[in-house]
Amino acid sequence: KAGVTQTPRYLIKTRGQQVTLSCSPISGHRSVSWYQQTPGQGLQFLFEYFSETQRNKGNFPGRFSGRQFSNSRSEMNVSTLELGDSALYLCASSRPEGGNEQFFGPGTRLTVL
Amino acid sequence: AQRVTQPEKLLSVFKGAPVELKCNYSYSGSPELFWYVQYSRQRLQLLLRHISRESIKGFTADLNKGETSFHLKKPFAQEEDSAMYYCALAQGGSEKLVFGKGTKLTVNP
């Protein structure tokens, strides 16, 4: 089974721009979660989608948003980028009845200049 | 609020020595606890979870509700155990994981 894939792997943007990151879950997984990883704050939960609905949300500003499509693929968007948004963004997928075992993608490294 | 604390940022042991990575949590309900591991240049992956009560790669972890701890232990460390270890907590039934800051384990030859 192919693992979770994320595109692009690396991204460089400037302040004020917006960015869209994509995540394709493992086939059959319907839950997709997003995390931000930084050296200072570690891994922080952004949001989780299941059956195209946001089921959980972390403590991030409204500039961070996401969506999920009918094939379970997910995108997250960050608008009006700030320097502090530079981070590794990880996507994870899980089966609905998976007991919370999450399978992580390789991440997208976002650098904001 | 849910919180996970891993007090050691770095931990260094010699091969064959016992190792214990500490994890304490704060949560008012019934938590589900996990250990995730990230080897060099690999993805974050699940190592074990408390509900399974199993040993993976020689590692075990016991949930101690009285001390709100979920320490990871291995009696004899191997060099291939060198990695970043994250303790994580989830509310029952939720996919949202709250991670600790992680402990970098180095096993020296």
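Everything numeric here is computed off the predicted structure, so don't read it as measured data. A, B, ... follow the sequence lines: proteins, then strands. Residue 1 opens every chain.
Near-neighbour residues of residues 3-15 of chain B relative to chain A, defined by a heavy atom under 4.5 Å from a heavy atom of that chain, are none.
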From CA spacing to verdict: side-chain hydrogen bond (donor to acceptor under 3.5 Å, both in side chains), Q17(A), T14(A): CA-CA 6 Å; Q17(A) 288 187 309; T14(A) 55; 3.2 Å; yes
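Here K57(B) does not pair with E80(B) in a salt bridge; the nearest charged N to carboxylate O distance is not below 4.0 Å.
The aromatic rings of F47(A) and Y49(A) stand perpendicular to each other, their planes meeting at an angle above 60°, with 30° marking the opposite boundary. Classification of the F59(B)-Y85(B) ring pair by plane angle, with boundaries at 30° and 60°, yields tilted.
Side chains of S33(A) and E95(B): no donor on one and acceptor on the other come within 3.5 Å.
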Pairs under 3.5 angstrom only: tabulate donor-acceptor contacts from the side chains of residues 104-113 of chain A to other protein residues two or more places apart or in another chain.
from: T108(A); atom 1: OG1; to: P8(A); atom 2: O; distance (Å): 2.5

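Only the side chain of Q37(A) has a heavy atom closer than 4.5 Å to any heavy atom of chain B.
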